[in-house]
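Data first, discussion second: the structure below is written as structure tokens.
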Amino acid sequence: MNDTKPPIDGFGRRIEYLRLSVTDRCNLRCFYCLPEGCSNFTPRTNYLTFAEIERLIDAFIGIGLKRLRITGGEPLARKGLNKLIEKLAAKPQLTDLSLSTNATLLRTQARALRKAGVQRLNVSLDSLDPQRFAQITGGGDLEAVLQGLDAAQKAGFAPIKINMLALAGVNDDEIEDMFAFCRGNGFTLRLIEVMPMGATGRWSGRHFLDLQTIKNRLIERFDLVPADMEGGGPARYWRIRKTHHKIGFITPMSEHFCATCNRVRLTAEGKLHLCLGQNADLDFKPLLRNGASIEQLQKALRKALLQKPQRHEFLEKPDQINRFMAATGG
Ligand code: SAM
């Protein structure tokens, strides 16, 4: 039975978007995301099974979930993922099924992902310099990412969005080059500000780059004008007036978008995080493992949504979030 009231949180925001983490493991070690040498992962036996994930999503769909992004950790590292994707893609109420990846495993998986039903891909890529890429990612192979992107295009994914974390003193000299690479290949670049995650006692803000300055520089240099882009995310888009190439800016720190936040995040082990920048969560695994009915799950979901915090406090309390992005689901 479906509960027809819209999924509204305590601040009147309609929460229709779920980021579903299918693993907290990743084959890269981006220094801002996972600590070097980190091996403190959730035992795989603690992950929700695909059947449990599907049940919770069915309950969420019943109260109005419309959009879902599969993420992690590196989602392509979760065995058998396409079986889950096929099930989710078959749900007509989900109007948007997308996936975030570092693309290192895409070369061999792109076609199957497309066939299973992924509609859109976001690829994280912070540098086009092989050595720098390896430094940022703790040894990653840029060539594998480029081959993965090529395979994704051949498999028919379009548009592919490239997410570049803009990091002061690390890759801020590459922003124009990355924009040129994206224009040349038909990708849409989004620049993102780094947030203090998993940083308790470690956040210095050393690599934080305020994107307002970068945006103003690019507006002038490329004659950018405001633009729209489908996807419903927090990015604000601009386009080159003459060529229509787009670029997005995601500015959780310098200009946050909490008032229009429409999402929550489910970790691989079943915790629903209500805000990336707060610790509020609700553990759904006990309910799922104790045989909760769809109605009981929906009731718990609604209760959780009402606890969604008004906004993050990354600026006021940069040491607050001890979870790494890979654990929460980026
Ligand atoms: N492995 C997939 C990928 O690379 O896209 C999905 C997970 S990854 C955690 C998702 C995104 O989170 C990446 O684009 C990464 O750059 C971003 N991210 C990780 N830590 C971050 C931080 N502290 N601040 C901002 N973005 C972060």
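In each ligand, atom 1 is the first atom listed, and ligand 1 is the first ligand listed.
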Closer than 3.5 angstrom, by distance alone: can the side chain of Asn171 be matched with the main-chain N or O of Leu165 as a donor-acceptor pair? yes
*asked:* Please determine whether ring-ring contact (aromatic ring centres under 6.0 Å, His included) holds for the pair His207 and Phe31, giving the CA-CA distance in whole Å, both sets of side-chain angles, and the decisive distance to 0.1 Å.
replied: CA-CA 11 Å; His207 297 302; Phe31 70 88; 5.3 Å; yes
Within 4.0 Å of some non-hydrogen atom of Glu193, the atoms of ligand 1 are 25 (C)
re atom 23 (N) of ligand 1, the protein heavy-atom contact at minimum distance is Met195 O, 2.9 Å
The answer for which part of Leu165 has a heavy atom under 4.0 Å from ligand 1 is side chain
ask   = Can you say whether the rings of Phe181 and Phe187 are parallel (under 30°), tilted (30 to 60°) or perpendicular (over 60°)?
value = tilted
protein heavy-atom neighbour closest to atom 10 (C) of ligand 1 works out as Gly330 CA, 3.7 Å
Please check if Val170 and Met195 belong to a single hydrophobic cluster, counting links between Ile, Leu, Val, Met, Phe, Trp and Tyr side chain heavy atoms closer than 4.5 Å.
yes
One finds that the ligand 1 atoms under 4.0 Å from a non-hydrogen atom of Cys33 are 9 (C), 19 (C), 20 (N)
Inset, instruction - Would you verify whether the NZ or CZ of Arg190 falls within 45 degrees of the ring axis of Phe249 while also being under 6.0 Å from that six-membered ring's centre? - result: no
for atom 5 (O) of ligand 1, nearest protein heavy atom and its distance come out as Ser124 OG, 2.6 Å
Tested for salt bridge (charged side-chain N to carboxylate O under 4.0 Å, His left out) against Asp96, the lone hit among Lys91, Arg263, Lys66, Arg120 is Arg120
Note: Arg107-Glu143 ion pair, threshold 4.0 Å (strictly below):
no
Note to self: For ligand 1 and Gly73, I'd like to know whether there is a polar contact (N/O to N/O, distance under 3.5 Å).
What the structure shows: yes
Within 4.0 Å of some non-hydrogen atom of Thr101, the atoms of ligand 1 are 2 (C), 3 (C), 4 (O), 5 (O)
- Item | Ser124-Asn102 side chain donor-acceptor pair, cut-off 3.5 Å | no
Atom 16 (O) of ligand 1 sits nearest the protein heavy atom Tyr32 OH, 3.3 Å
In this structure, atom 17 (C) of ligand 1 is nearest to the protein heavy atom Met325 CE, 4.1 Å
Going by the 4.0 angstrom heavy-atom rule, the piece of Thr71 near ligand 1 is side chain
Out of Pro196, Gly72, Ser21, the nearest non-hydrogen contact to atom 8 (S) of ligand 1 is supplied by Gly72
